[in-house]
Amino acid sequence: MGYNLRKGTRVLVNAWAIGRDPECWDDPMSFKPERFLGSKVDLKCQHYELIPFGTGRRICVGLPLGHRMMHFSLGSLLHEFNWELPDGVSPKSINMNGSMGLPARKHESLKAIPKKA
Ligand code: HEM
């Protein structure tokens, strides 16, 4: 590979496409968090197929905090509440389409109702 770029060219890395590249991932369109169990792929700059925090010299300086906070926040929300979907919404009917852009957002906001456990 190899590309010639003019000095000053702005390059945007399409992490969304890399995360869904069948050359990098088995069954890339399926949500399978268990694919990382026992996997050597990590977030720390060595594996360019997984770059939610960027990579290289400008990698996110908040990676250690963000990584810990994700586990802590999600764990707290799951521990403290029982979660339901609004009336008439089933897991299969949730629209998982995203809107393109920087960053990529869900096209329709996810609605879930916390009930004190
Ligand atoms: C899950 C949480 C987070 C994600 C997914 C995330 C993601 C990113 C990404 C993709 C970049 C661009 C890296 C690049 O250009 O290659 C970045 C940069 C940056 N992030 Fe985060 N970030 C998160 C949390 C945080 C937190 C908690 C902080 C600060 C406390 C933070 C501070 C920064 C800073 C200062 C930069 C700029 C680094 C630079 O340009 O040298 N981030 N982040």
Side-chain angles (χ1 to χ4, degrees):
M1 214 179 303
Y3 300 92
N4 294 318
L5 300 176
R6 218 176 296 149
K7 184 178 175 185
T9 303
R10 179 173 296 195
V11 178
L12 302 177
V13 177
N14 189 344
W16 186 95
I18 295 170
R20 288 159 182 78
D21 184 346
E23 288 193 14
C24 301
W25 304 100
D26 289 333
D27 196 8
M29 298 308 285
S30 294
F31 176 66
K32 285 186 187 167
E34 67 274 17
R35 70 172 81 236
F36 296 105
L37 290 173
S39 159
K40 288 199 173 76
V41 173
D42 71 21
L43 302 165
K44 293 172 195 136
C45 237
Q46 305 298 316
H47 303 101
Y48 299 115
E49 61 269 50
L50 186 66
I51 49 170
F53 293 93
T55 187
R57 279 194 294 180
R58 303 303 295 268
I59 193 169
C60 175
V61 291
L63 191 162
L65 178 63
H67 195 241
R68 281 176 181 77
M69 288 307 291
M70 272 308 295
H71 289 95
F72 179 72
S73 311
L74 187 59
S76 300
L77 289 170
L78 293 176
H79 184 260
E80 288 299 315
F81 299 99
N82 294 319
W83 290 86
E84 294 177 356
L85 291 170
D87 280 344
V89 180
S90 69
K92 289 233 184 268
S93 73
I94 295 175
N95 180 352
M96 292 303 292
N97 289 340
S99 299
M100 294 315 286
L102 290 174
R105 300 182 193 285
K106 254 179 101 330
H107 189 62
E108 280 178 22
S109 299
L110 180 66
K111 293 193 183 87
I113 301 162
K115 306 263 178 171
K116 190 72 187 131

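Ligands are counted one by one from 1 in listed order, and the atoms in each one are counted from 1 as well.
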Any idea which atoms of ligand 1 are less than 4.0 Å away from a heavy-atom of V61?
-> 32 (C), 33 (C), 34 (C), 35 (C)

K116 meets the salt bridge (charged side-chain N to carboxylate O under 4.0 Å, His left out) criterion, sequence neighbours left out, with E80

Contact bool for atom 37 (C) of ligand 1 (protein heavy atom, d < 4.0 Å) = no

Go through ligand 1 atom by atom and flag the ones less than 4.0 Å from a non-hydrogen atom of T55.
-> 16 (O)

Taking the side chain from S39 and the backbone from V41, do they hold a donor-acceptor pair closer than 3.5 Å?
-> yes

If you count the atoms of ligand 1 from 1 in the order shown, which ones are under 4.0 Å from a heavy atom of P52?
-> 5 (C), 7 (C), 10 (C)

Among all protein heavy atoms, pick out the one at the shortest distance from atom 15 (O) of ligand 1; state its residue, atom name and that distance to 0.1 Å.
-> R58 O, 3.5 Å

Side-chain contact, heavy-atom cut-off 4.5 Å: R10 with L12?
-> yes

Counting distance only, does the side-chain N/O of R35 pair as donor-acceptor with the main-chain N or O of D27 below 3.5 Å?
-> yes

Counting from 1, what ligand 1 atoms have a heavy atom of L65 closer than 4.0 Å?
-> 27 (C), 30 (C)

Can you list the residues that meet the side-chain contact (heavy atoms from CB on, under 4.5 Å) rule with L74, with sequence neighbours excluded?
-> L78

At what distance is the nearest protein heavy atom to atom 2 (C) of ligand 1, and which residue and atom is it?
-> F53 CE2, 3.7 Å

Taking all atoms of both residues into account, what is the closest heavy-atom pair of H67 and L43, and its distance?
-> CD2-CD1, 3.3 Å

Protein residue, atom and distance nearest to atom 28 (C) of ligand 1, heavy-atom basis = G62 CA, 3.5 Å

Taking the minimum heavy-atom distance to atom 23 (C) of ligand 1, which of G66, S73, C60 ranks first?
-> C60

For R57, is at least one N or O under 3.5 Å away from an N or O on ligand 1?
-> no

Between I94 and L85, is any pair of side-chain heavy atoms under 4.5 Å apart?
-> yes

